[in-house]
A.B. asks: 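Have a look at this one before I ask anything.
Predicted model only: the values in this text are computed from it and were never measured. Naming convention: chains lettered A, B, ... in sequence-line order (proteins, then strands); numbering from 1 in each chain.
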4 protein chains.
Amino acid sequence: MSQDNSKPPVGKPGRPRSEAARRAILQTAHEILVADGLGRLTIEAVAERARVGKPTIYRYWRNAQELAMAALMADTPLEPAAEGHGSARMRLQAHVEHLLETFTTVRGRQIAQAMAAADQESELAKAFRSRVILQYREKARSILTDAQANGEIALKTDIEVILDMLHAPVFYRLLVGHQPLSQSFGLNIIDTMWAALAPTNGRGATLPKS
Amino acid sequence: MSQDNSKPPVGKPGRPRSEAARRAILQTAHEILVADGLGRLTIEAVAERARVGKPTIYRYWRNAQELAMAALMADTPLEPAAEGHGSARMRLQAHVEHLLETFTTVRGRQIAQAMAAADQESELAKAFRSRVILQYREKARSILTDAQANGEIALKTDIEVILDMLHAPVFYRLLVGHQPLSQSFGLNIIDTMWAALAPTNGRGATLPKS
Amino acid sequence: MSQDNSKPPVGKPGRPRSEAARRAILQTAHEILVADGLGRLTIEAVAERARVGKPTIYRYWRNAQELAMAALMADTPLEPAAEGHGSARMRLQAHVEHLLETFTTVRGRQIAQAMAAADQESELAKAFRSRVILQYREKARSILTDAQANGEIALKTDIEVILDMLHAPVFYRLLVGHQPLSQSFGLNIIDTMWAALAPTNGRGATLPKS
Amino acid sequence: MSQDNSKPPVGKPGRPRSEAARRAILQTAHEILVADGLGRLTIEAVAERARVGKPTIYRYWRNAQELAMAALMADTPLEPAAEGHGSARMRLQAHVEHLLETFTTVRGRQIAQAMAAADQESELAKAFRSRVILQYREKARSILTDAQANGEIALKTDIEVILDMLHAPVFYRLLVGHQPLSQSFGLNIIDTMWAALAPTNGRGATLPKS
DNA sequence: GCATAAACGAGACGGTACGTCCAGTCTTCCC
DNA sequence: GGGAAGACTGGACGTACCGTCTCGTTTATGC
């Protein structure tokens, strides 16, 4: 099964979709998001400002939420930083701090909100989560498995839970707002987590290797 | 300094607000929330079903979101379970499992969504967070400080971060949905955290009390 | 440069306005007017009963008053009777009696009220006046000028004032209600006016011919 | 026969109505009428600006229209000018010109509108008509009957119709607005009417008796 | 002089309607 | 024959007033 859906190589009948319209829509959606926030991103407003018909928008996205996610994704990297150097701990700390930095912005809050508000089952929501969340998780996962291979750490419990405990606090503070997203926050997360991950041979939290 | 502003003991002029109307609104809002979800909670629908004028609703709440939060709050306990027994670890595990249980429901998802979607600055949103989130935190905090006093654990970093790492993963999975909110999830969180908190004496994360 | 904007013969983009919707609105408005009167003609009621969205109504008329006028106009002739026969006096009498007949109905009162209540400057109010009032005036004017040409009457003063004195009493009694709009009313108006219009050659209003 | 129903001299129990409140209401209503017109005269606005409770207003008037009429009546004379001098024609002309003058004002239009819009059957509407309309008619009637007694004119048809033809054109132009309410308008009405009223001895406007 | 009763201000009540915004769908032209 | 654009139906918004109804207060009369 080969796919030729990305670009119609053989003549599809009918008028081809206007790439200019698509770009204008995303551009306008992004402007509105930055200027007025998620709540003001209505299909109608986008259509008017992008000089585009509403059905043209609906042809690409099923509702305003999906458009918002698409606009937020199209915008800028969002990917975790490139592979760092140094010890696993340093690399993990850099990773969390990069996450913090990325989401400690107006856009960060918008992304978190969009994700929380979205229909959990929609295709785009999954893509969005994958893009925004899972990439960070995979990066962290590789750091952790590398570290385990090196003997730097011992993964005693489900690594998924470790990943949750590393990333969740950032989004939690972002959405709940009970505590600031300070610089030291990332450091503290790593400190705590490292205590849990340190390989031990005595009594305490962890089992001896032998 | 005594306050009598909560209940007007001395005569305020004008017809007093109808407590019956207020209750009917909250009751109806809650019914709609349970039956149809947050998206269907419109002021108009509540007004009609509660046999109440729309302005009466707006007198109490500024929009449907605030009403939703009020209805979710008025509903049921939401408080963390009463003080458990046994070791600190067992009590903390019971605490996290209770949190999991509470939010692994339709209503749990609704609460999380309402919180994520709400205007972060509104009075009611703050009250809601306080009610839903902070009570759990305070409960966990007291377990942790007790445990520290007993020497069961050693709090080496900011306790706020510890609390985040204990609670955030639940909401994270709830909103992002990348992994299930299984029973073992709570156990794994506690396992990992306990490794970080255990007092140790050798190298590694912690020192033993000895 | 020719204009073809009055009627779009060549394609305007977008869905054309639904003539069916427009007719349903006017039809419903008319039904409500007849059944319940001007005061009950609300946009909301019309929208609901005509199975039409409120914005569709507002796309054509700016408020309920304009809709009322449009409905009253669209309804039935409202025009003065066709040219009669006989002497100018007989034709003028028939004219006034037709006016009386037309407005001695529920609808007549409604029309008069709508006209009195309307914003004097609105486009539709002008059109309405033109349709309801001025057509009658023009008809009467032609009778009078014909009669003058024949020597049947002599127009000694401003013909506009004559027209006012012929028509105004009908609306006056309609709105004020101090006296009935009886059959003999029209006759009396003509009698009085004819005394004023009779051609004379001597002193006073009139002189015997011989 | 003495009446003591206007002011209760014998003791009615309870607090007497506040004349100050009544005056404040009428005063405020009048201010709003002059400043913003009939459409803005709401009970709520009057209550607020007059520092009065809404029920106090409803105690006197059944709705905003009645209040409007009351305010318009309470305002200024509205009566026809005192008896003039000179010939009947001169006095009648003065009368019509006074009517013109009175209603060629913002307030004139408001009065005419209020009268046209009012429930024809309500007590106050009747009183209002009586006050505004009938007083003028009675004045004109007395001029006409005096003139007939003097032989200045001959009333050949229903005097009510004559009165209508004298007064109606003013209100007609006021409400319909098809022609200006100029100074010469009154003169022309009188000219035309006088032609109809002149006593004759031959045939002409009227048929000789024999 | 003290109870009674009505009118007072204030303001919340259930409602109706407003005029607007936006969601999605439908219909027509144009490419 | 699909894309584009605008009018469509319809649901909800938040506001303005309606006319009614408590409230607690004030101000008279009459027991």
A.B. asks: For the atom pair CD (A:E48) and NZ (A:K54), what is the distance rounded to the nearest 0.5 Å?
C.D. replies: 11.0 Å
A.B. asks: Between atom CD in A:E19 and atom P in F:dA4, what is the gap in whole Å?
C.D. replies: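 Taking CD of A:E19 and P of F:dA4, I get 10 Å after rounding.
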A.B. asks: Which sits closer to the 5' end of DNA chain F, C:S18 or B:K54, going by the nucleotide each is nearest to?
C.D. replies: C:S18
A.B. asks: Could you tell me the separation between the OH atom of C:Y58 and the P atom of E:dC21, rounded to a whole number of Å?
C.D. replies: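 Atom OH in C:Y58 sits about 12 Å away from atom P in E:dC21.
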A.B. asks: Rounded to the nearest Å, what distance is computed from the CZ atom of residue D:R51 to the P atom of nucleotide E:dG11?
C.D. replies: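 Taking CZ of D:R51 and P of E:dG11, I get 9 Å after rounding.
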A.B. asks: Kindly point out which of E:dA12, F:dA5, F:dC13 is positioned nearest to the side chain of B:R59?
C.D. replies: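 Per side-chain heavy atoms of B:R59, the pick is E:dA12.
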A.B. asks: If you check every side-chain atom of C:P55, which of F:dG10, E:dA12, F:dG14 has the closest atom?
C.D. replies: F:dG10
A.B. asks: When the distance from CD1 of C:I57 to P of F:dC8 is rounded to whole Å, what number comes out?
C.D. replies: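 Between P of F:dC8 and CD1 of C:I57: 12 Å.
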A.B. asks: Let me know the distance between CZ of C:R49 and C1' of F:dT9, rounded to the nearest Å.
C.D. replies: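 From C:R49 CZ to F:dT9 C1': 19 Å.
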A.B. asks: Among E:dC13, E:dT25, E:dG19, which is the nearest nucleotide to the side chain of C:E44?
C.D. replies: E:dG19
A.B. asks: Let me know, please, whether B:T56 or C:G39 comes out on the 5' side of the other along DNA chain E by nearest nucleotide.
C.D. replies: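 Its nearest nucleotide being more 5', the pick is B:T56.
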A.B. asks: Over all strands shown, is A:Y60 touching base, sugar-phosphate only, or nothing at heavy-atom distances under 4.0 angstrom?
C.D. replies: nothing
A.B. asks: I'd like to know if the side chain of A:Q113 reaches the main chain of A:L38, judged simply by a donor and an acceptor atom lying under 3.5 Å from each other, with no hydrogens or angles considered.
C.D. replies: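 Flag not set: sc A:Q113 to bb A:L38 has no pair under 3.5 Å.
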A.B. asks: Using atom CH2 of A:W61 as one end and atom C1' of E:dA23 as the other, report the distance to the nearest whole Å.
C.D. replies: 17 Å
A.B. asks: Atom CE of A:M73 and atom CG of A:L26: how far apart are they, to the nearest 0.5 Å?
C.D. replies: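 One finds 9.5 Å between CE of A:M73 and CG of A:L26.
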A.B. asks: Could you work out which one of E:dA23, E:dA12, E:dG19 sits closest to the side chain of A:I43?
C.D. replies: E:dA23
A.B. asks: Does C:P16 or A:N63 map to a spot on DNA chain E nearer the 5' end, using the closest nucleotide for each?
C.D. replies: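 Closer to the 5' end of DNA chain E: A:N63.
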A.B. asks: Take a 6.0 Å sphere around CZ of C:R51 and say whether it holds more than 12 heavy atoms from other residues, nucleotides or ligands.
C.D. replies: no
A.B. asks: Is there a side-chain contact between B:R22 and B:E19, using heavy atoms and a 4.5 Å cut-off?
C.D. replies: yes
A.B. asks: Classify C:A21 by what it touches in the nucleic acid, base, sugar-phosphate, or nothing, heavy-atom distance under 4.0 Å.
C.D. replies: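 Sugar-phosphate contact only.
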A.B. asks: Roughly, in whole Å, what's the span from CZ in C:R62 to C1' in E:dC18?
C.D. replies: 15 Å
A.B. asks: How close or far is atom C1' of E:dC26 from atom CZ of C:R17, stated in whole angstroms?
C.D. replies: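 Nearest whole value for this atom pair: 16 Å.
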